[in-house]
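Step one of this worksheet: look at the structure below.
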Amino acid sequence: MGQPAVGAQPTVTTLADGRDLLYFFDGGAAPAGFTAPADARELPGRPPSSELRYDPLTGEWIAFAAHRQSRTHLPPADECPLCPTSAAHDTEIPAAHYDVVVFENRFPSFGPEQHAQELSGAIGETLPAHGRCEVIAFGAGHQDSFSDLGVERARTVVDAWTHRTRALYAMDGIEQVFCFENRGADIGVTLHHPHGQIYAYPYVPARVATYLRRARTHRAATGGSLFEDVLDFELAAGSRIVHRGEHWTLFVPFSARMPLEVHLTPNRHVGDLTELTEDERAELARVYLDLVRGVDAIYATPTPYIAAWFQAPARRAGETYDDGREDFRLHLQLTSPRRAENKLKYLAGSEAAMGAFIGDVMPEAAAGMLREAMGYEIAAGGGEGYGEV
């Protein structure tokens, strides 16, 4: 299968208030003579770290970041902070043009400091919300979306995700790195410019912790890997498979919670993005771009979605793992609350209060819609014959 790909190295600079900013380039290398421009703005100092509070009823940590109330909210295009800097407007990105940029969020939910600390989980425990929050801008075009990007740009984004995963996991106190995109006003975005975010948590979030427990329990009961067995189950059924490639499989899960929910998983066991080979990352860029284009093609108007990368938690030197981490498989979950052309699913009483989801669209039907929108076909009987039309 080959060794994990090292990936491109970005050009690194800092903004006026000391935040890191990284330029990533299509093709991997900076153009000849490129020098990162200086940030000419006068900015206030960075806020103190947010506050973590422990919920003893659920075992979850809640971050309180009151300073985010003042963050930029849906500005007009000529005031967008993610567009390149121009003579008329200084932005978060000093360059006059860019391919992909990653920078520390000016209004972070976690950080701006990172320190290792003990999280005991006592009733009433309060701690600094150490960690890091970054913004990843997918391109300079304000009106674009991810589905408008080409394969080369999608690959640059994959390389940026990978680079940041490696760098953030190396920081003290970081337990989970989460790359994601909120797309669309119905999801609650505060900036229309095409972008995503990267969170580095000082703890393992509740959803990943649940997956780890389930993986450990499944291994103890069956001797097998939970993620491997789920993939085998979906391949055997076939009806929810959207695409089966050489390195990646795209499927709607048997028990999908949302009207549109599709998982993209590597065909071999990989814990996080840094473990992917060159070939796996190349195919990922193509399939992921096909996926977001397909999601947009289902209806006449763009579909709101959350694209969320689930990665194994940090691997600490000298530690042993009995919590299921070794069985955790990297995968993407793309979900949308859109249940029909002009209808959204709202997480109301059962879902929001009890966590008990009620499905609106059968997973097999959702898989069929996606296959048609993406131009894929599936052979009858499942298991074999997945391919592009």
Side-chain angles (χ1 to χ4, degrees), residues 9-25 30 34-52 63-115 128-144 157 160-161 163-164 167-168 170-174 177-182 188-202:
Q9 295 303 306
T11 297
V12 182
T13 186
T14 55
L15 295 171
D17 55 2
R19 288 175 292 137
D20 289 337
L21 183 147
L22 301 87
Y23 293 94
F24 292 85
F25 303 94
F34 177 82
T35 301
D39 183 4
R41 298 173 297 171
E42 292 185 6
L43 297 176
R46 303 198 66 188
S49 290
S50 304
E51 184 176 289
L52 277 182
F64 290 86
H67 64 270
R68 284 175 56 80
Q69 289 279 51
S70 62
R71 69 188 184 273
T72 307
H73 183 77
L74 299 179
D78 60 356
E79 297 179 13
C80 174
L82 302 186
C83 285
T85 285
S86 67
H89 181 48
D90 289 326
T91 75
E92 291 281 66
I93 302 164
H97 182 76
Y98 66 88
D99 293 336
V100 173
V101 163
V102 175
F103 62 90
E104 289 185 81
N105 198 324
R106 188 176 171 186
F107 306 95
S109 300
F110 299 91
E113 298 179 4
Q114 303 90 40
H115 300 292
H130 291 155
R132 185 163 165 129
C133 293
E134 298 181 341
V135 176
I136 174 170
F138 301 141
H142 182 78
Q143 302 298 330
D144 292 340
V157 173
W161 285 333
H163 180 281
R164 301 316 299 150
L168 294 171
M171 293 182 177
D172 287 343
I174 300 304
V177 176
F178 175 46
C179 306
F180 65 102
E181 179 191 1
N182 297 326
V189 298
T190 57
L191 296 173
H192 287 308
H193 195 107
H195 72 287
Q197 300 181 68
I198 305 171
Y199 274 23
Y201 297 95

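Keep in mind that this is a model prediction, so the values were computed, not measured.
- Residues Phe24 and Pro10 meet the side-chain proximity criterion, which asks for heavy atoms closer than 4.5 Å.
- Nearest heavy-atom pair across Pro37 and Pro94 is O-CB, 3.7 Å.
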For this session: Could you check Asp172 against His115 for side chain to side chain contact (heavy atoms under 4.5 Å, CB included), going step by step and ending with a plain yes or no?
Result: CA-CA 5 Å; Asp172 287 343; His115 300 292; 5.9 Å; no
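- Looking at His193 and Cys83, their side chains come closer than 4.5 Å, going by heavy atoms from C-beta outward.
- His67 places a side-chain N or O within 3.5 Å of a backbone atom of Pro108 that can act as its donor or acceptor partner.
- For the atom pair CG of Leu168 and CD of Glu134, the computed distance is 4.5 Å after rounding to the nearest 0.5 Å.
- The heavy-atom pair separating Cys80 from Pro75 by the smallest distance is CA-CG, 4.2 Å.
- Between Ser109 and Ala63, the closest heavy-atom pair is O-CB, 4.2 Å.
- Side-chain contact between Pro84 and Ile93: absent, with no pair of heavy atoms (C-beta onward) separated by less than 4.5 Å.
- Note that CG of Leu191 and OG1 of Thr72 are 6.5 Å apart. Values are rounded to the nearest 0.5 Å.
- Distance check: Arg68 CZ to Phe107 CZ gives 9.0 Å after rounding to the nearest 0.5 Å.
- Residues Ala160 and Val102 share a closest heavy-atom pair of CB-CG2, 4.4 Å.
- Judged purely by atom type and a 3.5 angstrom limit, His195 has no side-chain atom pairing as donor or acceptor with the backbone of Asn182.
- Although no hydrogens or angles enter the test, the distance criterion places a donor-acceptor pair under 3.5 Å between the side chain of Gln114 and the main chain of Gly131.
- Using a 4.0 Å cut-off between charged nitrogen and carboxylate oxygen, Glu92 and Arg41 count as a salt-bridge pair.
- A salt bridge links Arg132 to Asp20: at least one charged side-chain nitrogen sits closer than 4.0 Å to a carboxylate oxygen.
- In this structure, Thr11 and Ala36 approach most closely via the heavy-atom pair CG2-CB, 4.2 Å.
- Of the possible polar contacts, none joining the Thr85 side chain to the Ala96 backbone as a donor-acceptor pair under 3.5 Å is found.
- Across every non-hydrogen atom of Val101 and Phe103, the tightest pair is CG1-CD2, 3.9 Å.
- Under the 30°/60° scheme for interplanar angles, the aromatic rings of Tyr23 and Phe25 are found to lie parallel.
- Atom CG of Asn105 is separated from atom CD1 of Ile136 by 13.0 Å, given to the nearest 0.5 angstrom.
- Here the NE2-CG distance, from His163 to Leu22, works out to 6.0 Å after rounding to the nearest 0.5 Å.
- From Phe110, atom CZ reaches atom OG of Ser49 across 11.0 Å, with rounding to the nearest 0.5 Å.
- Judged purely by atom type and a 3.5 angstrom limit, Tyr98 uses its side chain to pair as donor or acceptor with the backbone of Gly139.
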